[in-house]
Amino acid sequence: MSTAIAVGEYGGPEVLTLSRIATPEPEPGQVRIRGRATAANPIDARIRAGMMQDVFPVVFPMVPGWDVAGVVDKVSEGATAAITARSGPHDFRATPIARPANHPKGT
């Protein structure tokens with residue numbers, strides 16, 4: 001299980017809850033990252049409030065967030081690089097590779 005800030009319904013900040021969710025397993029071509037830091041953006045509040053339903057429909061519970069910094073924790077078949085991709089305030093995220101990120105060793 002992972003810890004995540006999740007949303008169970010549309011609303012204001014009061015709908016954000018600290019939750020336990022299943023730790024995702026990466027599908028082929030994906031990696032799983034263990035989040036170390038996240039950021040909240042104005043679009044996250046609009047999505048959470050239901051203002052973007054036509055553009056960003058969600059399935060509840062939903063873990064908001066677009067930005068994450070973390071460590072690649074698990075690599076599935078076909079995943080060949082570290083990533084920059086959508087994530088959010090949670091321990092783990094399985095995500096497709098968005099673009100290679102070549103970081104110097106130790107950073």
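Numbers here are sequence positions counted from 1.
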Next item on the list: Measure the spacing between CD1 of Ile5 and CG of Asp44 and express it to the nearest 0.5 Å.
Entry: 12.5 Å
Note to self: Any non-hydrogen side-chain atom of Met1 less than 4.5 Å from a side-chain atom of Ile21?
What the structure shows: no
Taking distance alone, no hydrogens or angles, what donor-acceptor pairs closer than 3.5 Å link side-chain atoms of residues 46-65 to residues at least two apart or in another chain?
{"unit_1": "Arg48", "atom_1": "NE", "unit_2": "Gly11", "atom_2": "O", "d": "3.0"}
{"unit_1": "Arg48", "atom_1": "NE", "unit_2": "Gly12", "atom_2": "O", "d": "3.2"}
{"unit_1": "Gln53", "atom_1": "NE2", "unit_2": "Gly50", "atom_2": "O", "d": "3.1"}

Notebook entry, point to check: Using a distance-only test with no angle check, is there a side-chain donor-acceptor pair under 3.5 angstrom linking Ser2 and Arg20?
Noted result: no
Notebook entry, point to check: Tell me the side chain to side chain donor-acceptor pair (under 3.5 Å) pairs involving residues 5-18, sequence neighbours left out?
Noted result: Thr17-Ser19
Next item on the list: Could you tell me whether a side-chain N or O of Ser76 sits under 3.5 Å from a main-chain N or O of Gly29, the two making a donor and an acceptor?
Entry: yes
Check: Looking only at heavy atoms, which two atoms of Arg32 and Pro24 are closest? And how far apart?
Finding: CD-O, 3.0 Å
Item checked: Close side-chain approach of Ile33 to Asp73, heavy-atom, < 4.5 Å -> no
Checklist line | Lys74 vs Gln30 side-chain heavy atoms within contact, under 4.5 Å | finding: no
